[in-house]
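Note that the numbering runs from 1 along the sequence shown for the chain. We count ligands from 1, going down the list as the structure has it; atoms in each ligand are counted the same way.
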Amino acid sequence: MAKLVPIPFGLLVTRLFGELERRQTIFDLPARRFFARDPARDYSVEVHGHRASTPLGPAAGPHTQLAQNMVLSWLVGGRVLELKTVQVKDDLVIARPCIDMRTVGFNVEWSQELTLAESLEEYVKGSMLIAMLRASGVAPSAGDTVLDMSVGYDLAGIRSERVGAFLAGMADARGLLDRLRREIPPPFARLRDLDYPTTLSDTLTLSTFHGCPPNEIERICAFLLEEAGLHVVVKLNPTLLGEEELHAILHERLGYRELGVPGPAFAKDARWEEVVGFVERLSARARAAGRGFGVKFTNTLIVENRERFLPASEKEMYLSGPPLHALAIALVRRFRRTFGDAHPISFSGGIDAANFPDAAALGLRPVTVCTDLLKPGGYGRASRYFGELQSRMKAVSATDLETFGLLAYGKAEEALLALALPEETALSCRRALREGSDLRAAAGPAFSRWVSEARLRGTEAYVDRVLENPRYAASHNAVPPKKVGSRLKLFDCLTCDKCIPVCPNDANFTLAVRGGDIPVERLVPTEAGFALERSGVLVLKQPRQIANQADACNDCGNCDVMCPEDGGPYLLKPRFFGSVEALLASPALDGMAFERKGSLLAMHARFEGRLFVVESGGESLRYRGEGFEVSLDLKDPAGTASGRAEGPVDLTWLRIMERVREALVREGPVSYVGAALA
Ligand code: SF4
Ligand code: SF4
């Protein structure tokens with residue numbers, strides 16, 4: 001497995017603007033998928049005193065680990081970015097593959113793969129790239145964005161000096177910003193002086209281990225609120241429903257009978273009464289500290305790893321997707337039955353285009369998503385979320401999310417009765433409902449209470465609908481993506497491009513390698529010099545090839561699952577490393593890397609375990625590998641070759657390297673490796 005290596009900032013900037021100009025895409029996301037605000041509708045929400053232009057955001061996870069992921073999440077309309085969870089143990093090795101999206105969604109990817117320092121730098125880089133996009137007018141009227149930190153997993157780790165340094169860096173990023181400004185390449189020097197945010201975040205979603213004792217959760221939250229001075233949301237587990245209700249929903253109602261939830265999970269996790277207790281106490285402490293406090297429904301559900309797709313070393317895995325939606329929304333209902341609409345609820349669990357408008361109408365904020373963005377189409381799937389939201393809001397003539405919450409489930413009249421408003425105000429509200437006029441103006445100061453009452457009733461109605469809806473049932477989510485039975489090779493495939501957007505890190509990309517025949521030939525040393533031996537041809541049929549940027553690939557396996565062919569694009573397609581050091585540090589992996597040496601460009605490659613280097617830019621190519629070092633012109637290899645060879649020299653690899661290099665140089669900065677060569 002290659003190590004995840006953040007892409008240098010200068011390369012990200014070069015690629016971002018170069019790719020947009022040449023292809024009208026950014027990190028392979030087409031401009032037509034960029035979020036565009038509907039001037040007739042306000043999707044904004046308040047998150048701990050900050051305004052976010054939409055309630056949508058990627059959940060802490062694969063979509064917020066790297067700077068380019070943050071940009072992609074933002075481009076599709078994410079305005080509350082829950083950054084990948086960091087913790088003091090930042091040198092863990094996560095089992096691979098770690099994501100199984102064949103059906104509902106499972107993972108064993110529970111922790112960051114970057115160090116704390118690298119994570120901080122990625123978040124600053126991402127925030128700067130977003131500021132650049134805003135300033136460049138790429139996303140007009142982009143509105144406001146909130147970055148939400150996520151830390152784990154216990155008090156000792158969160159209080160540690162190293163996590164403290166991370167939090168301090170997020171609160172004041174000036175040092176890092178200044179260094180990164182200097183890394184902006186000269187063609188983009190105008191961007192060095194932009195007014196980048198120096199305080200990246202003052203809100204945090206706490207992620208605790210499955211099984212974290214409730215008193216530990218409370219102590220961590222108190223520390224974060226009172227000593228770290230942050231607004232806090234605590235993410236709770238679906239086991240909070242209790243064994244009986246969880247079983248009734250997951251197994252009985254939805255039919256996921258094969259999913260085993262380990263019994264001890266219920267005993268170890270916080271129970272309902274405990275959570276009610278600490279929510280009350282922590283809310284009071286937050287008020288006293290002038291901070292916000294909320295809850296998040298829900299963390300993933302721990303289940304037994306019986307599928308054997310994820311490594312057998314992992315006895316448990318984490319469930320997400322449609323069944324989690326049902327469990328999470330059932331918890332929202334239970335929480336609201338206890339607390340009304342008094343506490344902010346962040347939501348995560350099987351969000352997709354069909355249910356995003358409901359989560360928005362119910363006043364959940366942010367509405368975070370992960371699983372759906374790992375399905376075909378990737379980040380671009382979010383453009384449908386806003387299409388659906390827009391049409392649902394239009395259908396009830398709502399122009400903002402509060403009004404939408406009031407009208408979405410037809411509960412406005414009923415909610416009005418519960419308010420016991422003065423007769424005149426109630427009449428005015430009824431008239432406004434009847435005539436479709438301004439409900440906010442009609443209700444005056446009672447508007448937000450009216451919305452809350454409607455949300456509570458809407459929650460009841462929505463949960464009933466979800467539990468009846470076959471789209472959340474096991475029978476509806478049992479079919480894995482289709483495989484066609486062929487195996488991937490280095491070049492050519494169905495070229496369906498599915499593997500590109502499904503990668504959260506944008507590690508897969510296309511490369512227009514010149515097609516046609518590549519002679520399979522060897523240069524054979526003779527007494528007189530060299531002779532050429534040809535044994536066939538390699539034919540490249542497709543105009544575009546799939547390639548993989550190893551540094552950005554964490555072997556999660558998602559592109560393998562979504563590829564109709566077998567073998568895994570990230571394993572079998574041409575692989576590029578960001579540096580020769582990275583190539584040499586992964587001796588088990590074939591791949592290529594470039595190195596500039598003055599006017600010469602050296603391309604290093606490992607094919608079938610053997611290392612080759614070709615230097616171009618001089619009068620002839622210099623090609624070397626184990627037992628040979630020759631100079632030659634590929635137009636006439638035998639006639640021009642000179643140098644040393646202990647045996648036949650395979651020229652096929654050289655021709656492949658040359659075609660790949662040509663393609664990268666011709667295409668320019670539309671990939672990370674192309675940006676490095678630009
Ligand atoms: S590698 Fe697989 S997913 Fe990617 S383009 Fe080829 S066939 Fe499609
Ligand atoms: S290239 Fe494939 S395996 Fe690698 S990170 Fe992307 S989706 Fe995962």
Side-chain angles (χ1 to χ4, degrees), residues 1-7 27-29 58 61-70 72-73 84 94-102 105-109 112-114 122 309-311 370-381 480-513 515 540-578 582 586 588-591 671-673:
M1 179 185 133
K3 187 180 173 333
L4 193 62
V5 181
I7 306 292
F27 302 135
D28 288 309
L29 179 79
H63 297 100
T64 48
Q65 175 150 243
L66 298 168
Q68 64 269 31
N69 308 25
M70 291 168 63
L72 285 161
S73 300
K84 177 134 184 172
I94 306 288
R96 307 289 170 190
C98 56
I99 298 177
D100 173 8
M101 288 296 139
R102 290 172 305 158
F106 301 99
N107 76 83
V108 291
E109 190 218 26
Q112 89 218 60
E113 292 141 84
L114 302 177
E122 285 307 285
F309 176 87
L310 296 170
C370 177
T371 301
D372 190 56
L373 301 188
L374 292 165
K375 303 270 167 136
Y379 293 91
R381 292 169 74 89
K482 198 169 171 216
K483 292 278 183 187
V484 296
S486 53
R487 187 166 176 82
L488 291 172
K489 300 188 297 279
L490 188 65
F491 292 117
D492 287 347
C493 61
L494 293 178
T495 324
C496 66
D497 288 359
K498 281 188 181 151
C499 54
I500 296 172
V502 299
C503 175
N505 304 342
D506 186 37
N508 292 326
F509 62 102
T510 58
L511 193 56
V513 180
L540 266 61
K541 294 189 187 133
Q542 299 294 346
R544 290 177 298 114
Q545 301 295 336
I546 299 297
N548 173 268
Q549 181 74 28
D551 296 11
C553 172
N554 62 358
D555 292 7
C556 74
N558 198 41
C559 57
D560 183 9
V561 168
M562 299 303 164
C563 174
E565 299 199 52
D566 295 322
Y570 73 110
L571 295 172
L572 298 180
K573 290 297 173 188
R575 177 185 288 116
F576 293 90
F577 290 86
S586 299
L589 298 179
D590 280 2
S671 61
Y672 303 124
V673 63

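When side chains are defined from C-beta on, Lys498 does not count as touching Pro481, because their heavy atoms never get closer than 4.5 Å. Taking 4.5 Å as the limit, some side-chain heavy atom of Ile500 sits within range of a side-chain heavy atom of Ile546. With contacts defined as side-chain heavy-atom distances shorter than 4.5 Å, the pair Cys553/Asp555 qualifies.
Atom 2 (Fe) of ligand 1 has no N, O or S atom of Cys496 under 2.8 Å away, backbone or side chain.
Looking at Asp506 and Gln68, their side chains never bring a donor and an acceptor atom within 3.5 Å of each other.
Taking all atoms of both residues into account, the shortest heavy-atom contact from Lys541 to Asp492 is N-OD2, 2.7 Å. Here the shortest heavy-atom pairing between Ala67 and Glu122 reads N-OE1, 2.8 Å.
Scanning the protein heavy atoms around atom 5 (S) of ligand 2, the nearest turns out to be Asn554 OD1, 3.3 Å. Residue, atom and distance of the protein heavy atom nearest to atom 6 (Fe) of ligand 1 are Cys493 SG, 2.3 Å. Protein heavy atom closest to atom 2 (Fe) of ligand 1, with residue, atom name and distance, is Cys563 SG, 2.3 Å.
Applying the salt bridge (charged side-chain N to carboxylate O under 4.0 Å, His left out) rule to Asp560 yields the partners Lys483; only residues at least two apart in sequence or on another chain are considered.
Heavy-atom contacts of Leu488 reach the following atoms of ligand 1: 1 (S) (cutoff under 4.0 Å). Per-residue contacts place Leu494 under 4.0 angstrom from the following atoms of ligand 1 (heavy atoms of the residue considered): 7 (S). Using a 4.0 Å cut-off to heavy atoms of Asp497, the atoms of ligand 1 that qualify are 5 (S), 8 (Fe).
The line from CG of Leu494 to OG of Ser486 is 5.5 Å long, rounded to the nearest 0.5 Å. Distance CG/Leu572 to CD/Glu565: 10.0 Å, rounded to 0.5 Å.
Ring planes of Phe576 and Phe509: tilted class, angle from 30 to 60°.
At a heavy-atom cutoff of 4.0 Å, ligand 1 is contacted by the side chain of Ile546 but not by its backbone.
Neighbouring protein atoms of atom 2 (Fe) of ligand 2 (N, O or S, distance under 2.8 Å, waters ignored): Cys559 SG.
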